[in-house]
Engineer: 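The structure's right below; bear with me while I get my questions together.
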Amino acid sequence: GLVVETEHPRFGTVRQPGTAVRAGARRADDRRAPRRGEDSASLLVGLLGYGDEEVAELTAAGAFGRTPG
């Protein structure tokens, strides 16, 4: 488990170091790091409770950086 393989949308199968932190009885599945903005909706809406309108305003104001393009 020191080196794991994950699927990357641009680079295909990528070998990377596995997580060094282990806690609890069950080990979570390995996953690649999210791309910028990929988890924004679940974090802003689901975790922080922002509304869709607030997220749209923040996005338009550039709070999350430029949209990759």
Side-chain angles (χ1 to χ4, degrees):
L2 295 176
V3 178
V4 298
E5 291 185 351
T6 59
E7 291 301 317
H8 189 279
R10 182 173 176 192
F11 302 113
T13 302
V14 176
R15 290 174 48 93
Q16 61 192 30
T19 181
V21 177
R22 307 272 198 274
R26 185 182 179 286
R27 183 169 172 219
D29 293 336
D30 295 312
R31 68 172 269 204
R32 64 175 171 76
R35 297 173 81 178
R36 185 171 69 176
E38 185 175 358
D39 291 340
S40 294
S42 62
L43 293 172
L44 295 169
V45 176
L47 182 65
L48 298 176
Y50 284 32
D52 291 335
E53 189 173 309
E54 286 176 294
V55 173
E57 289 174 7
L58 289 168
T59 301
F64 310 117
R66 289 184 4 169
T67 304

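Along the sequence shown, residues are numbered consecutively beginning with 1. What you see is a predicted model; the values in this text were computed from it and never measured.
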Engineer: Flag yes if Val4 and Val14 sit in one hydrophobic cluster, no otherwise; membership is Ile, Leu, Val, Met, Phe, Trp, Tyr, and two members link when side-chain heavy atoms are under 4.5 Å apart.
Structural biologist: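 No, because Val4 and Val14 fall into different hydrophobic clusters, even though each may have its own neighbours under 4.5 Å.
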
Engineer: Of all the heavy-atom pairs spanning Glu54 and Gly49, show the shortest one and how long it is.
Structural biologist: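 In terms of heavy atoms, the two residues are closest at OE1-O, 4.4 Å.
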
Engineer: Taking atom CG of Leu48 as the centre, does the number of heavy atoms from other residues, nucleotides or ligands within less than 6.0 Å exceed 12?
Structural biologist: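 More than 12 heavy atoms, drawn from other residues, nucleotides or ligands, come within 6.0 Å of this atom.
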
Engineer: Does atom CD (Glu53) have a neighbourhood of more than 12 heavy atoms from anything else shown, all under 6.0 Å?
Structural biologist: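 Counting neighbours around CD of Glu53, 12 or fewer heavy atoms of other residues, nucleotides or ligands fall under 6.0 Å, so no.
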
Engineer: Please give me the minimum heavy-atom distance between Phe64 and Val55, naming the atom from each residue.
Structural biologist: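 For Phe64 versus Val55, the nearest heavy atoms are CE1-O, 4.2 Å.
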
Engineer: Would you say the side chain of Thr13 lies within less than 4.5 Å of the side chain of Glu7, judging by non-hydrogen atoms?
Structural biologist: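 Yes, side chains in contact.
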
